[in-house]
Asker: 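The structure under discussion is supplied below as C-alpha cells; questions concerning it will follow.
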Amino acid sequence: MLERLEKGMDDLRAGLNEVDCDLLVIGGGTAGPMAAYRARKKNPNAKVILLEKANVKRSGAISMGMDGLNNAVIPGHSTPEQYTKEITIANDGICDQAAVYKYAQECYSIIEELDQFGIRFQKDDNGEYDVKKVHHIGTYVLPMPNGDTVKKALYRQLRRARVLISNRYMATRLLTGKSGRAAGAIAVNTRSGEFLVIKAKAVIMCTGAAGRLGLPTSGYMYGTYENPTNSGEGYAMAYHAGAKLANLECFQINPLIKDYNGPACAYVAGPFGGYTANSKNERFIECDYWSGQMMQEFFNELQSGKGPVYLKLNHLHKDTADHIEHILHTVERPSRGRFHEQRGTKYSEQMIEMHISEIGFCSGHSASGVYVDEFARTTVPGLYAAGDMASVPHNYMLGAFTNGAIAGEHAIDFAADVDFEEFDGAAVGIEQERVLAPTKREDGIPPNQIEYKVRRLVNDYLQPPKVTAKYELCQARLAEVREDMEERMMVRDAHELMRSMEVASILDCADMAAHASLYRKESRWGLYHWRTDYPDSSDEEWKCHVLLSKQDGKMACEKKAVQPYIIPIADDEKDAYYKQRITAQA
Amino acid sequence: MVFEPFEEESDFELLEENLGDPDPAVRRVAVMDLADTADPMAVPLIARAVSDESPEVRLQAAIALGEFDGLETATALCQAMQDGDNRVARAASDSLSELKDPEAAPPLLTLTSHEDPKVREGALLGLKQLRRPDALANGIEAMKDPVAAVRIQAVGVVGYLKAEEALPALISCCRDGDPDVRKTAVGALAFSKSSHARDALFAALEDENWAVREIAAEVLGRFPLGDNAQRLIGLLDDSYWQVRVKAVRSLGKLKVTAAIDRIGSQLDEVTSNLRKEAAAALGEIADPAALPYLEKLVDDPDPDVRKNVRWALGQIG
Amino acid sequence: MPLANTPTSVPVVVDEDKCIADKGCTVCVDVCPLDVLRISDLTGKAYMKYDECWYCMPCEADCPTNAVTVNIPYLLR
Ligand SMILES: Cc1cc2nc3c(=O)[nH]c(=O)nc-3n(C[C@H](O)[C@H](O)[C@H](O)COP(=O)(O)OP(=O)(O)OC[C@H]3O[C@@H](n4cnc5c(N)ncnc54)[C@H](O)[C@@H]3O)c2cc1C
Ligand code: SF4
Ligand code: SF4
C-alpha cells in the first residue's frame with residue numbers, strides 16, 4: 001500500500017496538461033458545489049469541472065459545518081419583500097435589489113433541497129423548521145445544531161451527479177478570448193507545480209472571501225476569521241480578466257471572540273437571550289442590522305472607557321448557557337471549546353471577551369465583490385461569480401448556495417449556445433513564466449515574509465478609520481513590496497509556490513482596497529468606510545456603486561447608479577435608520 | 001508529461017480485494033474508500049464489513065453506511081446497532097438517523113421492541129426522520145417504554161407524524177415522570193388545535209420543571225386562546241424569568257389586550273431581556289392602553305429595550 | 001541572503017501508535033484545507049509539516065483511528 005505515500009510530494013515538477021469542458025467552476029466550497037451540481041442536473045450531457053485549491057470534501061468557510069442559516073426567508077416567517085427592504089436599509093441604500101429579491105424568492109427551495117441532501121436543520125417537535133427571531137422585523141435564523149454534515153452531503157451529491165472534481169488545483173488566471181469572453185482558466189497543482197489549462201465555454205468563480213488581507217491581532221498569519229485558503233484569487237483573477245468589482249471600500253469587519261478570532265455568534269446566542277455587552281454588563285448596540293453601523297458602535301465601545309466588549313450569556317440559566325456552549329463548541333468552529341478550556345472560561349460563568357476582526361472583502365458579511373446581476377453574471381460575458389466573492393450583499397451561506405444554483409443553471413444554458421472561445425496561446429506561457437519566476441531564483445525572500453509585510457501594512461494603514469495620508473503612504477509601501485515580490489521572491493517547493501501565488505493575490509487585493517477607498521470621498525457603512533477626512537455621508541454625490549476595474553493596465557474607478565428599487569423604501573423607514581446612525585468617535 | 005487531473009473513478013474490484021486483506025487496517029481503509037465513492041454499488045460490500053471480526057472495521061462500516069440510504073443500508077445498520085461493541089452500535093444509530101428514504105423503514109419497525117433499550121432508541125430515532133404513518137403504532141407503543149430516552153424518541157416519531165389519533169398518548173406523556181419526555185411531548189402538541197391539546201398545555205404551565213413551563217408557554221402562543229388567555233397571563237408570576245419571557249412573547253403574538261397591565265408590570269424588571277420582550281409584546285398588541293407603560297421606558301439604559309419601545313410606540317401610532 | 005531555521009511549535013500532533021498511514025490511510029492529508037499535513041518518508045506516519053493551521057479540525061474529525069489532536073496555535077492561546 002506504500003505507493004499511496006507519494007514520495008517527494010512537494011517536489012516541483014514541470015508539466016502542462018490541457019482539458020476542456022462546457023462549464024468550469026472554480027472553488028468547491030459552498031457556492032461552487034451547488035453551481036456544478038445544478039448545472040449537471042439541468043444538462044446531464046454537459047461536462048462540468050469543479051476545480052478546488054484544497055479538497056472539496058472539507059474546503060471553504062463551511063469545512064466543518066455551520067451553526068445555522070443567518071438569512072433564511074421561509075414562508076410564514078418572513079417575505080422576500082421584507083427581506084429585500086431590510087438588506088437595502090442595512091446597506092445604506094446602495095443595493096441593486098434585483099439580485100437580493102431573486103435570492104429571497106428562491107432560497108426556500110434551496111433549503112428544501114439541502115434538507116433532502118441530508119443536511120440537518122433544526123426542527124421543532126413536529127418536524128417543522130424551527131426558525132428563530134433575531135432581526136427586528138423579519139425572522140430569518142434557522143439553526144443547524146447538527147450542521148456538521150454539510151460538506152459530506154454535498155460531496156455525495158457531486159459524486160452521484162458525476163461532476164469532474166479536480167482537487168489541489170489552484171486557479172491563478174482566467175483566460176479570455178479575442179472578443180473579451182471568458183475562455184477558461186489556468187491552474188497550478190499545489191503539490192507539484194504542474195499546470196492545467198482548462199478551456200471552458202463558461203466559467204463560474206466561487207473562490208470565497210479575501211480572508212488573508214489583514215493580519216489577525218494574535219499575529220498568527222493563519223488565525224484569520226475567514227478560512228485562510230481563501231486568499232483572494234477570485235478578486236485578483238476577475239480584475240486581471242477585465243471584470244468590474246463593486247464597492248470594495250465596503251470592507252468586511254466582524255465581531256468575534258478575541259484571539260480565537262472565530263465568530264461569537266450573536267445569531268446563535270440571541271434567540272436564547274444572549275447578547276453583546278460592555279464591561280459594565282450593559283448592552284450598547286443601537287443598530288438593528290448587522291452592518292457597518294453596528295461595527296462602528298462596537299468599535300466606539302472598544303475604544304471607550306467602557307470596553308472591552310463581551311458576549312454575555314452568564315445571566316441565562318446554566319442549562320441554557322451550557323446548551324449554547326455545546327452548539328458553539330461542536331459545529332462550526334469546534335476548536336473553540338478547546339480554546340476556552342485552556343483559558344478556563346465557561347459561558348455560564350464568565351462573559352467572553354470579544355474583539356473585531358482584521359479587514360477583508362466578503363459579500364457574505366458585507367457588500368463588496370465582483371459585480372454581478374441577478375443571474376450571477378459578471379461584466380465579462382461567459383464569466384459568472386457567486387458566494388462571498390460576488391457583489392450580492394449579506395449573502396452568507398444560504399446566499400452562496402442559492403446564487404451558486406442560479407449561476408450554475410444560467411451558465412450551463414449559456415454554454416449550450418456557444419462554442420469554445422479562441423484565446424491567445426501566448427497567455428499560457430506568460431502565466432507560466434510569472435508563476436514560476438520565484439522557482440528560478442537561488443536566493444531571495446520567502447513568500448511568508450512578503451505576505452507578513454503586506455498584511456502588516458494593511459493593518460497599519462488600511463484598517464479604518466481611513467486616513468488619506470496614511471492610505472497614500474500605504475500605496476507607496478505596497479509598491480515597494482510588489483517590487484520585492486516580482487524581483488526577489490524565492491520558493492523551494494510546490495507548497496511554497498502556492499503560497500507565493502497567494503501573496504500576489506493578497507497584494508492585488510490590498511491595492512484594490514486602497515484604491516477604492518480613496519475614490520469614495522465620503523463616509524458610509526459605518527466603520528466599513530469611515531474616512532476621517534470626509535466624515536459625512538453625501539447622498540447627492542455618492543449614493544451610487546463604485547466600480548473598480550483594470551483600464552489600460554491600471555486600476556481605475558467609476559460611479560455606477562444604483563438600479564431603481566423594485567421594493568420601494570418609504571421615507572419613514574429610511575428615517576428610522578438615519579436616526580440610528582451613530583457617528584464615529586475617534 | 002500528461003497527468004490525470006480528476007479524482008479517480010472507483011476501482012471496486014481492488015476495494016473488494018482489500019476488504020479481504022488479512023490486515024484489519026487495510027480492510028478499514030477499504031471501507032473508507034468505499035464510502036467515498038458515494039456509489040450505491042458499495043453498499044453490499046460495506047454491509048459485509050458489518051460482520052468483520054475486527055471491531056474497528058465494523059465501526060468504520062457503521063460510519064460509512066451513513067453515506068447511503070435505502071433498505072439495504074438500513075438492514076446493515078440495524079445489524080450494526082446490535083453489535084456487542086458500544087462504539088459500533090452508537091455509530092450505527094447515528095448513521096440511522098441520517099436515513100431519508102421511507103423504503104428504509106421495515107427493519108427499523110422490527111426493532112422498536114428489541115430487548116436492548118439503545119437499539120429501541122436508535123430504531124425510533126431513525127423512524128422519526130422517515131415519517132412513515134405505519135410507524136405510528138410502534139411509536140405509541142414505545143411511549144410506554146420503561147426507559148425515558150426511548151420514550152423521548154417515541155414521542156418524536158409520533159410528533160413528526162402529527163396524527164390527531166395519537167393525541168391521547170401524547171397528552172399522557174405530558175405527565176410523564178421524566179421532564180425531558182414531558183418537554184418533548186408538550187412541544188409536539190403544537191400541531192393540534194384541539195381543546196384537549198390546549199388543556200394539556202395549560203396543565204403543563206404548572207409543571208415543576210421550568211423548561212417544561214417555558215415550552216408550554218411558547219407553544220400556547222400558536223393557539224387561539226380566547227377567554228382562556230387568563231391562564232397564560234397567570235404565568236407572568238412565574239418564579240423564573242426565562243419562563244416569563246416566553247409567556248410575554250406568546251401574549252404579544254396572540255394580541256391579548258387583557259394582558260397589557262400585567263405585561264406592563266414586567267417593564268420594571270431588572271432583567272433587560274424581559275423588559276425588551278415586554279416592550280415588543282406591547283407593540284404587537286398595539287393598544288393605546290399600553291402607552292403610559294412604554295413612555296416610561298423611552299430612556300431605558302438598555303438600547304435594545306429603547307429600540308423595542310420606539311418600535312412599539314410606532315405600532316400604536 | 002541565506003534562510004534561517006526559525007522554530008515554531010506546531011498545533012497539530014499525531015499519535016504514531018494509532019496512525020495507520022502505512023496501511024494506506026491518507027485521510028488527514030487529503031482533507032486539510034491548508035494542505036499542511038504530510039506522511040513522513042521516515043516513519044510512514046502523518047505529521048504536521050507546515051505551521052499554517054486554521055485549527056478547523058477536519059484532520060482530527062475524519063481520522064479513523066483518533067490519532068490526530070488539534071491544539072490551539074500558541075500565539076492565540
Ligand atoms: C467562521 C465563519 C462562520 C460563519 N458562520 C455562518 C453562519 O453561521 N451562517 C451563515 O449563513 N453563514 C456563515 N458564514 C458565512 C458563510 O459560511 C459563507 O458566506 C459561505 O460559506 C461562502 O461560500 P463561498 O462558496 O463563497 O466560499 P467558500 O465556501 O469559502 O468556498 C471557497 C472555495 O474556493 C476555494 N478556492 C479559493 N481560492 C481558490 C483558487 N485560487 N482556485 C481554486 N479554488 C480556490 C477554497 O478552497 C474554497 O473551497 C460564516 C463564515 C465563516 C468564515
Ligand atoms: S487520518 Fe489518522 S490514521 Fe489516517 S494518516 Fe492521518 S493520522 Fe494517520
Ligand atoms: S486543523 Fe485544519 S488547517 Fe490545521 S491541520 Fe487540521 S485540517 Fe489542517
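By convention in this document, chain letters (A, B, ...) are assigned in the order of the sequence lines, proteins followed by strands, and residues within each chain are numbered from 1.
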Asker: So which atom in Asn227(A) and which in Pro33(C) form the shortest heavy-atom distance, rounded to 0.1 Å?
Answerer: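 Closest heavy-atom pair between Asn227(A) and Pro33(C): ND2-CB, 4.0 Å.
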Asker: Just grab all the salt bridge (Lys or Arg N to Asp or Glu O under 4.0 Å) pairs involving residues 61-77 of chain C, residues at least two apart or on different chains.
Answerer: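 Listed by first then second residue: Arg58(A)-Asp62(C).
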Asker: Most heavy-atom pairs under 4.5 angstrom with chain A, which of Asn71(C), Leu75(C), Leu34(C)?
Answerer: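 Answer, by heavy-atom pair count under 4.5 Å with chain A: Leu34(C).
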Asker: Which pairs with one or both residues in residues 54-77 of chain C pass ring pair (Phe, Tyr, Trp, His ring centres under 6.0 Å), sequence neighbours excluded?
Answerer: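 Qualifying pairs: Tyr260(A)-Tyr55(C).
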Asker: Side chains of Arg38(C) and Met9(A): closer than 4.5 Å at any heavy-atom pair?
Answerer: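 SC-SC contact between Arg38(C) and Met9(A) confirmed.
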Asker: Taking side chain as everything from C-beta outward and backbone as N, CA, C, O, which of these in Arg336(A) sits under 4.5 Å from a heavy atom of chain C? Side chain, backbone, both or neither.
Answerer: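 For Arg336(A), neither part sits under 4.5 Å from chain C.
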Asker: Are any side-chain N or O atoms of Asn55(A) and backbone N or O atoms of Asp30(C), one a donor and one an acceptor, separated by less than 3.5 Å?
Answerer: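 Yes, because the side chain of Asn55(A) sits within donor-acceptor range (under 3.5 Å) of the backbone of Asp30(C).
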Asker: Tell me, do Pro228(A) and Glu52(C) make a side-chain contact under 4.5 Å, heavy atoms counted?
Answerer: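 No; the side chains remain at least 4.5 Å from each other.
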Asker: How about Arg492(A): does its CZ atom have over 12 heavy atoms from other parts shown lying under 6.0 Å from it?
Answerer: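 Incorrect, the count does not exceed 12.
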Asker: Which one, Ser63(A), Ser59(A), Pro334(A), Pro446(A), leads in non-hydrogen pairs under 4.5 Å with chain C?
Answerer: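 Maximum pair count with chain C is reached by Pro334(A).
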Asker: Need one label for Arg488(A): side chain, backbone, both or neither, based on atoms under 4.5 Å from any heavy atom in chain C.
Answerer: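 Neither the backbone nor the side chain of Arg488(A) comes within 4.5 Å of chain C.
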Asker: Which of residues 208-216 of chain A get closer than 4.5 angstrom to chain C, counting heavy atoms alone?
Answerer: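 Counting heavy atoms that sit under 4.5 Å from chain C, no residue of residues 208-216 of chain A is involved.
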Asker: So which part of Thr224(A) gets closer than 4.5 Å to some heavy atom of chain C, the side chain, the backbone, both or neither?
Answerer: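 For Thr224(A), the contact with chain C is made by backbone and side chain together.
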Asker: Under 4.5 Å heavy-atom distance to chain C, tell me which part of Glu502(A) shows up: side chain, backbone, both or neither.
Answerer: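 Neither the backbone nor the side chain of Glu502(A) comes within 4.5 Å of chain C.
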Asker: Considering heavy atoms only, which positions within residues 2-10 of chain C lie below 4.5 Å of chain A?
Answerer: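 Residues in range: Pro2(C), Leu3(C).
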Asker: Can a donor-acceptor pair be found between the side chains of Asn448(A) and Tyr50(C) at a distance below 3.5 Å?
Answerer: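 Per modelled atom types, Asn448(A) and Tyr50(C) side chains form no pair under 3.5 Å.
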Asker: In terms of heavy-atom pairs under 4.5 Å with chain C, which of Ala54(A), Gly223(A), Ser218(A) leads?
Answerer: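 Between Ala54(A), Gly223(A), Ser218(A), the count favours Ser218(A).
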Asker: For Ile72(C) and Ser335(A), what are the C-alpha separation, side-chain angles and deciding distance, and is it a side chain to side chain contact (heavy atoms under 4.5 Å, CB included)?
Answerer: CA-CA 7 Å; Ile72(C) 304 296; Ser335(A) 57; 3.9 Å; yes
Asker: Any donor and acceptor pair, going by atom type alone, linking the side chain of Arg191(A) with main-chain N or O of Asp35(C) inside 3.5 Å?
Answerer: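 No: the side chain of Arg191(A) does not pair with the backbone of Asp35(C).
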Asker: Below 4.5 Å, heavy atoms only, C-beta onward: do Tyr220(A) and Pro73(C) meet side chain to side chain?
Answerer: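 Yes, their side chains come closer than 4.5 Å.
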Asker: Specify the closest pair of heavy atoms between Val70(C) and Arg338(A), including all atoms of both residues, with the distance to one decimal.
Answerer: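 Nearest heavy atoms, Val70(C) then Arg338(A): O-NH1, 2.7 Å.
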Asker: Can you name the nearest heavy-atom pair linking Arg168(A) to Val29(C), along with the distance?
Answerer: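 Minimum heavy-atom separation between Arg168(A) and Val29(C): NH2-O, 3.5 Å.
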Asker: In Å and rounded to the nearest 0.5 Å, what is the NZ to NE2 distance from Lys49(C) to His495(A)?
Answerer: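 The NE2 atom of His495(A) is 8.0 Å from NZ of Lys49(C), to the nearest 0.5 Å.
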Asker: Measure Met64(A) against the heavy atoms of chain C and call it side chain, backbone, both or neither at under 4.5 Å.
Answerer: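 When you check distances to chain C, only side chain atoms of Met64(A) fall under 4.5 Å.
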Asker: Look at Glu52(A), Met221(A), Arg343(A) and state which one has the largest set of heavy-atom pairs under 4.5 Å with chain C.
Answerer: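 The answer is Arg343(A).
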Asker: Could you tell me which portion of Tyr225(A) (side chain, backbone, both or neither) has an atom closer than 4.5 angstrom to a non-hydrogen atom of chain C?
Answerer: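 For Tyr225(A), backbone heavy atoms alone lie under 4.5 Å from chain C.
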